Number of protein chains: 2
Amino acid sequence: MNHPSGDPGGAPRPAGRGASRPASRHGTKTAAPAHGAPTFAPLYRQIQALLMRSLQEGEWKPGEAIPSETELAARFRVSQGTVRKAIDELAAGHMLVRRQGRGTFVASHHEVRTQFRFLRIRPDEPAGGGAYAAMPMTSHILDCRRLRAPVEIARLLQLRTGETVIQIRRMLEADGRPEVLDEIWLPGARFRGLSAERLAAYSGPLYGLFEAEFGTRMIRATERLKAIAADAALARELDVAPGSPLLLVERLTYTYEDRPVELRRGYSVTTNHHYYNELI
Amino acid sequence: MNHPSGDPGGAPRPAGRGASRPASRHGTKTAAPAHGAPTFAPLYRQIQALLMRSLQEGEWKPGEAIPSETELAARFRVSQGTVRKAIDELAAGHMLVRRQGRGTFVASHHEVRTQFRFLRIRPDEPAGGGAYAAMPMTSHILDCRRLRAPVEIARLLQLRTGETVIQIRRMLEADGRPEVLDEIWLPGARFRGLSAERLAAYSGPLYGLFEAEFGTRMIRATERLKAIAADAALARELDVAPGSPLLLVERLTYTYEDRPVELRRGYSVTTNHHYYNELI
DNA sequence: TAGTGGTCTAGACCACCGT
DNA sequence: CGGTGGTCTAGACCACTAA
């Protein structure tokens, strides 16, 4: 079937005109996969995939506006409602940001609204009796080294053992007290040229730097939390007694295509702050 | 304005007929609140609110089907698309569950799909090399007492100090090893008749019991995590050395109307498991 | 086969934003 | 004021489920 069923006796749409056009109306039956039932791919998901591809390829950069819904509808030769549904889901996944009256924009880690999307550490009592919010902390880079990936790191980042990785260590402080020791691992190839100087020169969220300077946008992350005892080194750096309980937050961060591109281990003294989570 | 703008010269809809009918088409300007800009309440949100009220009042019980979209559209005198959008958001918030070809159902903590919605504890390695999943643990009730609410408990549950609360303590074990000690606080008035015997007799998720026997459905929860050192009592019960690091998960669970109705403190030995979270 | 949710379209109007 | 996203409608057809 090649035309919309609801199409009121209209003239057939001209084909081609250089616009990429999804396979058919009303979705497409993809070939039945080896396991499981055949899947149905609705039109709006195909549009979604096309938009995702444009985002990945950098057709629109973080912070920029994408074309209006009307324009996109014309480009893909679908109704505005279909484009709308595609954008809706991308906006729900924080890939895009809608702003009424202005347009739809590529999400960016520079913007305040999404700045601390991945930060779950909160002070136990909100400062100044105000609303609970992300904790204001200052960051100090301890070191930034290039080395061969240990087995465990390579496995998690889906690299070959021995490939070069970058290790960053930094301390997050609040009120001059050390709160979190972060140990960050990055694939060397993707972050060529990253150095301690460059990190020190940059103020703002790390993910903003990655996005602006290395074209790598962090999309989602998974975290595993454990309580551990501080060993001698950690105890010294965090200024606690050896054996003190620490909250270990291990985060794997993913870019497009579900590629893991950052491993982060945060060691946290949770006497004055906590990890906050909402279950919905 | 009283009629849909797109209404093609149609006859005016009969008014009344016993159906509750939202204020107007195309949303309603609510009176400007004291602080902030005037709010706009679209029709579908009004429908949403009406559906929520029916859920709260128990017009449809957990597990039951609600009327079809067509029926609801007729009842509220709006288009199916508007009902659809209302349901969409409720389904996203796990209030309802859509099942294609069957209908839309009131979510229940008895169903497998939502059974472990609030359980974030996972084994470090999935059992049998399978996919990662919630950890299978067996529960033992240690005690269930009725007492006057301590200040802190009362504050969190929004009760008056000294009001009667129920305290449940239970141990979760995996492979016969103690893993999590749970201390659960409930408002006595809402859970009248809850006893250790009744808890022991019931197998299945606690929230299923609360929903079926006390008409209290848990909707959402917030959690605060800290790493703490095991005191003598905890160490004994969890079979670890005093001072061992434990993961403390403090959960506040809410029913309808954003009323907190459960406080839960879980003390966890995270040597073989962890707390899992997805950041999106 | 009937009924339910899911997709798609076309068109109108509204709220919001910048100029 | 024009343009953008946001809401609402009406109607057609598709996919899925159960009888």
Side-chain angles (χ1 to χ4, degrees), chain A residues 1-11 13 22-30 32 37-48 65-74 76-91 96-105, chain B residues 1-11 13 22-30 32 37-48 65-74 76-91 96-105:
Chain A
M1 187 188 295
N2 225 356
H3 277 286
S5 357
D7 205 349
R13 283 189 185 68
S24 88
R25 296 314 206 184
H26 299 302
T28 307
K29 270 235 175 59
T30 59
T39 329
F40 177 72
L43 236 195
Y44 75 87
R45 282 206 185 282
Q46 302 175 43
I47 306 293
Q48 214 178 62
I66 70 170
S68 76
E69 295 181 353
T70 323
E71 273 181 84
L72 289 171
F76 296 130
R77 305 186 159 272
V78 297
S79 82
Q80 196 208 354
T82 301
V83 169
R84 193 169 179 70
K85 188 151 187 181
I87 292 181
D88 274 346
E89 292 198 359
L90 293 177
L96 298 172
V97 179
R98 321 190 75 136
R99 280 181 240 181
Q100 181 168 153
R102 308 226 284 127
T104 301
F105 299 78
Chain B
M1 187 187 297
N2 224 356
H3 277 287
S5 357
D7 204 349
R13 284 188 185 68
S24 88
R25 296 314 206 181
H26 299 302
T28 307
K29 268 232 176 60
T30 59
T39 328
F40 177 73
L43 237 194
Y44 75 88
R45 282 208 184 283
Q46 302 176 43
I47 306 295
Q48 215 178 61
I66 71 171
S68 75
E69 295 181 353
T70 322
E71 273 180 85
L72 289 171
F76 296 129
R77 306 185 159 271
V78 296
S79 82
Q80 194 207 355
T82 300
V83 169
R84 193 170 179 70
K85 188 150 186 181
I87 292 181
D88 274 346
E89 292 197 358
L90 293 177
L96 298 172
V97 179
R98 321 190 74 135
R99 280 180 239 179
Q100 182 167 157
R102 306 227 282 128
T104 302
F105 300 77

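Because the structure is predicted, anything quoted here is derived from the model rather than measured. Protein chains get the first letters and strands the later ones, always in sequence-line order, with residue 1 at the start of each.
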[X]: which residues meet the side-chain contact (heavy atoms from CB on, under 4.5 Å) condition with it, sequence neighbours left out?
X: B:Arg98; value: B:Glu69, B:Arg84, B:Ile87, B:Asp88, B:Ala91, B:Thr104
X: A:Thr70; value: A:Ser68
X: A:Arg99; value: A:Val97, A:Arg102, A:Phe105, A:Glu111, A:Arg113
X: A:Gln100; value: none

Atom pair distance, as rounded to whole Å: [atom1] in [X] and [atom2] in [N]:
X: A:Leu72; N: C:dT9; atom1: CG; atom2: P; value: 14 Å
X: B:Arg45; N: C:dC14; atom1: CZ; atom2: C1'; value: 16 Å
X: B:Phe76; N: D:dT9; atom1: CZ; atom2: C1'; value: 18 Å
X: B:Asp88; N: D:dT7; atom1: CG; atom2: P; value: 12 Å
X: A:Leu43; N: D:dA12; atom1: CG; atom2: P; value: 20 Å
X: B:Gln46; N: D:dG6; atom1: CD; atom2: C1'; value: 15 Å
X: B:Lys85; N: D:dG5; atom1: NZ; atom2: C1'; value: 10 Å

Check: What is the distance from atom CG of A:Leu72 to atom CD1 of A:Ile66, rounded to the nearest 0.5 Å?
Finding: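 Rounded to the nearest 0.5 Å, the CG-CD1 separation comes to 5.0 Å.
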Margin query: Once side-chain hydrogen bond (donor to acceptor under 3.5 Å, both in side chains) is applied, do any residues pair with A:Glu71, and if so which ones, sequence neighbours excluded?
Written below: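 Scan of A:Glu71 (side-chain hydrogen bond (donor to acceptor under 3.5 Å, both in side chains), adjacent residues dropped) gives none.
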Can you pull every protein N or O that's under 3.5 Å from an N or O on nucleotides 3-5 of chain C?
unit_1: C:dG3; atom_1: N2; unit_2: B:Gly101; atom_2: O; d: 3.0
unit_1: C:dT4; atom_1: O2; unit_2: B:Gly101; atom_2: N; d: 3.4
unit_1: C:dG5; atom_1: OP1; unit_2: B:Thr104; atom_2: OG1; d: 3.3
unit_1: C:dG5; atom_1: OP2; unit_2: B:Glu69; atom_2: N; d: 3.0

